Structures are given as structure tokens and as C-alpha cells.
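First the structure, in the form of C-alpha cells, and then the observations on it.
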There are 2 protein chains.
Amino acid sequence: MSKVLIVEDDEVIAQGMARHLTAAGFDPVCVNRGDLGLQRLRFEHPAVCVLDLMLPGIDGWRFLETARAEGLGTPIIVVSARGTEHDRVHALEIGADDYLVKPFSMKELVARVKAASRRGVRTESVERGERIEIEELVIDPREVQAYIDGESAGLTPTEFKVLYQLALDRGRVVTREELLQKIWGRRQMYRDRTVDVCVKRLRDKIDRRASQHTFIQTRFGVGYKLEAQAK
Amino acid sequence: MSKVLIVEDDEVIAQGMARHLTAAGFDPVCVNRGDLGLQRLRFEHPAVCVLDLMLPGIDGWRFLETARAEGLGTPIIVVSARGTEHDRVHALEIGADDYLVKPFSMKELVARVKAASRRGVRTESVERGERIEIEELVIDPREVQAYIDGESAGLTPTEFKVLYQLALDRGRVVTREELLQKIWGRRQMYRDRTVDVCVKRLRDKIDRRASQHTFIQTRFGVGYKLEAQAK
DNA sequence: CCGTGTGTTCACGCGATCGTCACCTCCCCT
DNA sequence: AGGGGAGGTGACGATCGCGTGAACACACGG
């Protein structure tokens, strides 16, 4: 469920961590360069970040400093082969949340990732993500609301989630199964019209103004798609 | 500044920790029994708790379990002479935020306490901070009071904290969980109406004047939001 | 020891929300 | 052109969220 960003240049270790985190119910993403990791940290907001200190691109120290300077609050767990007291204290001082010395047990890593994600509740529901603007439609995750021509669309939480999910993949067709899975947490549907009804209500609210114009398009037999123009 | 609760039965170690934490700008409080520590954790809400596992009264394990079961969200750093992988993993699993094996360096302890308090579950220090003005509403952190048209609203400390928290993120929807965590230091809520009641009283006090006008808006199924206009 | 101020929990009730269903419309394929 | 199935639409009912008033718990000051 929760995403974990692994910034580690050793393929073997990264894969091992990913495997164990997956088994524990996390959704790990691996990156082998510091600069790439920083970019992904900025855009997709993972619940936790596991960071190696020795990295190509930019090293872990600069990674930490930059991330904190930019105000990114993601819990960061440093893993490193070097584990002198000075290293540990310094990393913690400049913004690390935890420090594990290699070699470490995967069990402990998983436990510490769990602990970090547990307390990082704050990005769970609100706050994550930028506003998305598509023509006169503005989708604001911070307010959990959408606006048309600056006027609130009065979306309910579920409606908003659907719209936001479509907006994250705007231009792409999103299947019903995907929506049902991500928003309702259901696995399979036999004849479930839940999504359809929700989309209808959504359309009633956001397509009302610009008549003749529908933001949410239907892909027959597949799913729904939100218009792509990023304004 | 920030209070740190030290639950440790060895006087010498406790005093050492207290001394170093004081030097680092913390306000340590020592307790030598588990049951007493738990009471103080419940009563005064420290920013961080440092917990030894071997204790008279109730031991650290039960301390951890009880605190978390009660929904107390204070970051807890476990320190222990026993440091097997199993111990560490288990402690983290049942709610510890960090685990240090004795003997440890005081520098590292301080660094980890800093890291834990940094991601501060709660906004302990209300004192610093600018006044926030929203139309005729003035929120003054120094006075711990709000004013409407220059007249005191007579807010209680808790009411003020809620208002201030909303004001810091004005325009953004703040979830109940977030408020409960930041102000009351609880992590999970089962069916807790504390926030609702507090908000009701807040509204009674600050919305009284400008009738027809509510500063605090409800986002159904999500949380509360304070009006955005910075005057 | 008892009022008072403050904070938390409880119980009730209304209204918002959301899933389901039935029926209708439209698309796609043959 | 017609049939079957996918999707749109409107309505209904159960549930849940939350406002509200009151009871309850607790520390403080006299």
C-alpha cells in the first residue's frame, strides 16, 4: 500500500530490500542515483525513503540537505556501510530519521520502515500533491475539492478521489477495476456499477457549466479518461 | 524547551542523559519506575520519551504496549542493554520509534532525541510565531488568545491550539486525525468526538459576532478548514 | 471540603453520502 | 438492421458523519 522509495546503487541490496518490503505489504520503488531519487521524492510523495549514503549522481549527504532545505518532510532512513558515531550523529543532525549500519538484518529494516511509516501519517490523507489545472477545472488535493471557474464544485470525498485519480493519469484511460481497487479497495467485481454511478455524479457536478463539453470521457468496454490539456 | 520524559531506573545513567539533554536545550524529566512513567506520559505530554526496558513497576514492553493501546502517540526511544535482533524488531513492531543498545554515546542519544522531536507529533511551542489576521479575527500566539474586532474571544488553551493549528494551514483541510495527533498527542482514534466538541465551542466563541459567517468550515468526511483570506 | 473552570465522553437526531437496483439509452458487432 | 451487452440515469434506503446539549472526570483555589 504505502510507497517506499529506495535510493541505493547496489542492485543486489536494493532488490533484497524491495523484496522484503513487498512481503511486508509495502510498495517499493528503486532508484540507483541520488539525483534521480531526489526528483522522485519531490514528485511522488512516498511514505518513507531508504537512502544509501554512497551514491552516484549526488551523494546521500547532499540528498538529505537538499530534501530538508526544500521542506520535504518524508521520513528518511539512512543505510550505510560506514557507521562511525560521527557519521550517525551528523546524518541525524541534518535531517535523517534513522540510521542503519550495513550489514543489517532485513527484518530490522522492515521494522524500522514500518515504524517510520506509522508515524508519518500526515501525508496520508491530505496535503500531498500539487493542484492540477485543466482548462477551467482546478483540482486541489489540499482542499479535497475541485473548482470550476473558481467556484466550488461541491464534490463529496469519494467523488473527489475518483476525479483526482483520473487527474493523476490524465490523458490515460483508467479501468474500472483500477479505480475500484485504488479507491474502494475491492479486488474483483462481477457486475459492480459503483464506479459508473460515482462518475455520473461527478459529471453532473463538473460538466454542468461548460455545456457541450465533458471532462470525463468514456472508453467503451475499458474505462474512463480525463482530458489531457494541462491548460 | 521541549520536554523529554526519561524512564530509567539506573540513577547514574538517567542523570547523565538528563545532563546532556539539558545541554542540548531540552527539558528532561526523570522517572525510575515504569508505572510512574506511564502516568506522567498520560498526563503531561512530553515531546519525546526515552524508555529503558528493564524497569520496576511495569517493564518497558508493557509500557510500550499500554501507551500505544491508549492511543498515546509520543515518540518513544527504547534504550536497553539487551540488543538482539529479535528484541529490536519486536520493540519497533509494538510501537517504539527507535532502539539504542547500551552502551551508547550520549551524542547519539541526543541526536536521536532531536530527530524524534523534530518530526514533532505536537506543536508544543506556541509561543513563537506571528499573529495571524483573517478579516476581523486576530490570532495571537504570544497571548494564546484570539480577538474579534479587538475583543477577546475568551478561548481556553485547547481551543486556542485547535484554532492556531487550523490557522497555520489556513485554506487547507486538516483532518481530525491530524489535529488529534498534533494537539492531543494521540495516534489513533476509534470513535473520538473530542475534536468535534472542541470545534463546536470554538465556533460558538468566534463565529458569534459575524453571524451568517463561519470561519471554520466543515469538509464532510474529511476534516476542518479555516478560511483562507489573509485579510 | 466544596464551587469553578476546563476538557472528555455520551446519547440523540438530522442530514449527507453512497451502494444498489431497475430501467433506459446507446454503442458495437455481425 | 438487429441483438446483446455496456454504460447512463433516477430513485431509494441504509449507513455514517457530525452538530448539539448534557453528563461526567479532574485539577485548582479558596
Side-chain angles (χ1 to χ4, degrees), chain A residues 125-126 144-146 152-163 165-166 173-177 179-181 183-208 214-225, chain B residues 39-40 42-45 70-72 122 144-146 152-163 165-166 173-186 188-208 211 214-225:
Chain A
S125 47
V126 194
V144 195
Q145 189 56 272
S152 170
L155 301 186
T156 67
T158 308
E159 286 159 9
F160 178 84
K161 284 185 210 157
V162 171
L163 179 61
Q165 200 60 49
L166 289 173
V173 178
V174 182
T175 66
R176 286 149 214 284
E177 284 79 3
L179 289 170
L180 211 52
Q181 154 94 28
I183 294 167
W184 283 269
R186 306 188 196 173
R187 273 291 153 173
Q188 55 184 3
M189 58 165 194
Y190 174 54
R191 265 260 182 210
D192 198 329
R193 309 297 308 283
T194 305
V195 179
D196 306 58
V197 176
C198 189
V199 167
K200 176 227 183 319
R201 289 180 180 141
L202 241 181
R203 289 211 258 233
D204 285 348
K205 289 178 182 175
I206 68 174
D207 285 341
R208 203 178 1 158
T214 177
F215 284 105
I216 302 175
Q217 287 155 19
T218 305
R219 254 286 173 289
F220 203 94
V222 188
Y224 297 100
K225 174 181 93 141
Chain B
Q39 287 195 5
R40 301 197 66 155
R42 277 190 279 250
F43 174 58
E44 38 199 311
H45 297 254
E70 287 179 17
L72 298 170
R122 218 168 41 267
V144 193
Q145 190 53 268
S152 171
L155 301 186
T156 67
T158 306
E159 284 160 8
F160 178 82
K161 284 186 206 162
V162 171
L163 179 60
Q165 198 59 48
L166 289 172
V173 177
V174 182
T175 64
R176 285 153 218 283
E177 285 81 359
E178 211 175 324
L179 289 170
L180 209 52
Q181 176 174 315
K182 289 193 175 169
I183 293 167
W184 283 269
R186 303 185 204 175
Q188 54 182 2
M189 62 168 192
Y190 177 51
R191 287 213 171 206
D192 200 326
R193 309 295 308 282
T194 305
V195 179
D196 305 58
V197 177
C198 188
V199 167
K200 176 224 181 327
R201 289 215 259 267
L202 242 179
R203 287 210 259 232
D204 285 347
K205 289 178 182 174
I206 68 175
D207 285 341
R208 201 178 5 157
S211 50
T214 177
F215 284 105
I216 302 175
Q217 286 158 18
T218 304
R219 207 61 194 73
F220 205 96
V222 187
Y224 296 101
K225 179 183 95 157

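FYI, side chains are in, hydrogens and waters are out, and symmetry mates aren't considered; it's all heavy atoms of this structure. Every chain is numbered from 1, with letters handed out A, B, ... down the list of sequences. Quantities reported herein were computed from a predicted structural model and do not represent experimental measurements.
- Regarding contacts with the backbone of dT6(C), every side-chain N or O of Thr156(B) stays at 4.0 angstrom or more from both OP1 and OP2.
- Here the nucleotide nearest the side chain of Arg203(A), chosen from dG8(D), dT8(C), dT20(C), is dG8(D).
- Residue contacts for Val162(A): at a heavy-atom cut-off of 4.0 Å it reaches no nucleic acid atom on any strand shown.
- Candidate nucleotides dC18(D), dG8(D), dT9(C) were compared by shortest atom distance to the side chain of Asp192(B), and dT9(C) ranks first.
- Using a 4.0 Å heavy-atom cutoff across all strands shown, Arg219(B) reaches sugar-phosphate atoms only and no base atom.
- For the helix from dC1(C)-dG30(D) to dT30(C)-dA1(D), the axis fitted to the five pairs at one end and the axis fitted to the five pairs at the other end meet at an angle of 30° (nearest 10 degrees).
- For a distance-only test at 3.5 Å, the side chain of Arg193(A) qualifies as a donor-acceptor partner of the base of dG8(D).
- For Gly223(A) and Lys200(A), each mapped to the nucleotide of DNA chain D holding its nearest heavy atom, the one lying further toward the 5' end belongs to Gly223(A).
- Separating the CZ atom of Arg176(B) from the C1' atom of dG17(D) is a distance of 7 Å, rounded to the nearest angstrom.
- Using a 4.0 Å heavy-atom cutoff across all strands shown, Val197(A) reaches at least one base atom of the nucleic acid.
- Residue-level contact check: Thr194(B) touches the bases, meaning some heavy atom is under 4.0 Å from a base atom.
- Between Lys200(B) and Asp196(B) there is no salt bridge, since none of the side-chain N atoms of the basic residue sits less than 4.0 Å from a carboxylate O of the acidic one.
- Comparing Gly221(A) and Arg201(A) against DNA chain D, the residue whose closest nucleotide sits nearer the 5' end is Gly221(A).
- Contact annotation: Thr218(B) side-chain N/O to dG19(D) OP1/OP2 distance is under 4.0 Å.
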